[in-house]
Amino acid sequence: MTRRLPSGRPIPIQRTGPMNLFSDIRALVIGALDAMVAAGDLPAGLELAAVAVEPPRDASHGDMATNAAMVLAKPAGKSPRVIADVLAKHLADDPRIFEVDVAGPGFLNLRLHPWVWQGLVKSALETGAEFGRATIGAGIKVNIEFVSANPTGPMHVGHVRGAVFGDALARLLAFAGYAVTREYYINDGGAQVDVLARSAFERYREANGLDPAIREGLYPGDYLIPVGEAMKTKWGASLIDQPEEVWLAEVREFATELMMGMIREDLALLGVEMDVYSSEKALYGTGQIEAAIKALKEMGLIYEGTLEPPKGKLPEDWEAREQTLFRSTAHGDDVDRPVKKSDGAWTYFAPDIAYHYNKVQRGFDQLIDIFGADHGGYVKRMKAAVSALSGGRVPLDIKLIQLVKLWRNGEPFKMSKRAGTFVTLRDVVEQVGADVTRFVMLTRKNDAPLDFDFAKVMEQSKDNPVFYVQYANARINSVMRRAAEAGVTVDDASLSLADVSKLDHAAEINLAKKIAEWPRLVEIAARGNEPHRVAFYLYELASELHGLWNRAKDEPNLRFVQDDSATTQSKIALARATGVVISAGLAILGVTPVEEMR
RNA sequence: GCACCCAUAGCUCAGCUGGAUAGAGCGUUGCCCUCCGAAGGCAAAGGUCGCACGUUCGAAUCGUGCUGGGUGCGCCA
């Protein structure tokens, strides 16, 4: 039977099937509202942006709910019930709609025919890994700057969360249709790289058989020993008796480069790859800082002045001094910020302004910075600078990443170089693996602190969300193997032709409904720059699958593998569609799906 | 003193550009293993969403003011 629209026109066969059912149904609602305007039931020119179609909180209310009648009641000057009643009649004409009812203050609850959900299983199989890919990004060029750890040593556990978050956000936005650039800002222009050079020089003396003098304030880490040896290979003993002025710049560059090599390796261990590495040092002496400050000056945002001392916590050596200041208060900041120290040298903020100016000039439509929570004080001034330098065109979103609290043997512990409890990124990845590390780091909102317990994240039980999700995928693979052994063809092409109308049990439809939420979830997560939503969704999806599985103990007709091979195939299609979404979700988190639990 | 972040069940946390009776896991209590994988399953109890006003048809969600915790506040990066 050919399905027809209310107009009588046959519904065109969709090659890929529905993708985002929620936006499809929202389009249906908008269309119906337009028809109501045409029929004079609603005034023209209504703002429809607030009309939403969402899953109801309580599943007993139906499959989807729309608030259209309530948000339009006031502007239309009609009671919500009146609008809802007419709208319901329009919606009921659509072949996908099984039932519409008006509830509460004017909600419209929709129930869809089972074939809509069953068809979605097919869509997921046909589109495979692309299922859920969104277009809301519309090719917008977004730059995500993250990690940006100082190039003075290996990455430690404190850097891991930001690295994982940034990378997952990049993957998420790419999946949502943005053109994403991952970028690392190398802080190689400040005093800390001089300290690095001096520390490396002591290890160089050590490599030449002399006692290293690792004074207070130098970096004591062993990781500099190979740097000293590499210096010996390069320079022999020729630098040993030279004064610092002779070697500092050269050694600084040499050591920084080796540190960056180490950091790149650390990132690779986590599966993080940057597209661009930008150097702070490269901004000095090239006129870029001066150009950025000049641009601000031309807007009247740079002046010479004296800052008020902070109230309540007056530094002991406070002394009012005139400095070059950026009028960040003109763009939402609380006080103006210095771009030059009192001795005339640039503050750290100045090259940062130039760097963000550079990103704006490279043509990015949106900037995202990922900072540690301790850099919260920089948010307003950085936003002010970007707002000024882009003429308000380029939004800057700054995500602050809260601390990770480490637990071992049920006891919290703090990192300390002296106590030997300094935990490197490498330590973490080698102990628990990159997949577990990544998943766990993404099971919290970025602005909530996170507990990381080395024992718990490795635990193989349903209490561990990593395991729970991976186990769901393993179960899917397990039933597919069994089905194949029973002689059922289970490749995606065959499965997408399976008779999905056999999936008529409520528990099966519920799983299909959860799958249907995936494209919508991608959009919501991308809109808010919130990759953690993917992790929570995957947990819920896994939960639906496990629920169906457990239910099959009492109801054998729910088992994935049945005597009849056609029935098996349709049930495997559902399992496989779930697997497709789990794999797609894990790919956004940067986690490898496992096929078997061992 | 000021700014930013946080506050939801005994614990750890979700909660969708404001939506209906606020959810999950752990823990507690009670049942259940001949069953595609019991490294579990089913069910129950458990909440003035920190407090108070306000906006709204409707507030955990938005605004203001408090309380409590965290982070930061020129001459570090």
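Protein chains get the first letters and strands the later ones, always in sequence-line order, with residue 1 at the start of each.
- The residue A:Ala345 sits apart from the nucleic acid: no heavy atom pair falls under 4.0 Å.
- Looking at A:Glu508 and A:Lys502, no side-chain N of the basic residue comes within less than 4.0 Å of a carboxylate O on the acidic one, giving no salt bridge.
- Contacts of A:Ala65 with the nucleic acid, taken as non-hydrogen atoms under 4.0 Å apart, include base atoms.
- Within 4.0 Å of A:Gln323, counting heavy atoms only, lies at least one base atom of the nucleic acid.
- Considering only side-chain atoms of A:Asn109, the nucleotide from B:rC4, B:rA20, B:rC35 that sits closest is B:rA20.
- When base pairs are accepted only as Watson-Crick or G-U wobble with both N-N or N-O distances under 3.5 Å, RNA chain B takes part in stems of 3 or more pairs at B:1-5 with B:69-73, B:10-13 with B:23-26, B:28-32 with B:40-44, B:50-54 with B:62-66.
- Closest to the A:Pro338 side chain, of the nucleotides B:rA3, B:rA77, B:rG74, is B:rG74.
- Shown here are the side chain to side chain donor-acceptor pair (under 3.5 Å) partners of A:Glu544, two or more places apart in sequence or in another chain: there are none.
- You'll find that the side chain of A:Arg444 is closest to B:rU12, out of B:rG72, B:rU12, B:rA3.
- Distance from the side chain of A:Lys445 is smallest for B:rA7 among the nucleotides B:rC16, B:rA77, B:rA7.
- At a threshold of 4.0 angstrom between heavy atoms, the contacts of A:Val561 include nucleobase atoms, whether or not backbone atoms are also involved.
- Residues from residues 538-552 of chain A lying near RNA chain B, meaning a heavy-atom separation below 4.0 Å, are A:Tyr539, A:Trp549, A:Asn550, A:Ala552 in numerical order.
- Within the nucleic acid shown, A:Phe536 comes within 4.0 Å of sugar-phosphate atoms alone, with no base atom in reach, counting heavy atoms only.
- A cation-pi arrangement is found for A:Arg327 relative to A:Tyr303, the charged atom lying closer than 6.0 Å to the ring centre and inside a 45° cone about the ring normal.
- Going from atom CD1 of A:Ile25 over to atom P of B:rC16 covers 23 Å, rounded to whole Å.
- No donor-acceptor distance shorter than 3.5 angstrom exists from the side chain of A:Tyr219 to the backbone of A:Arg198, with no hydrogens or angles considered.
- Ion pair A:Lys399/A:Asp369 not flagged as a salt bridge, since none of the NZ, NE, NH1 or NH2 atoms sits closer than 4.0 Å to an Asp/Glu carboxylate oxygen.
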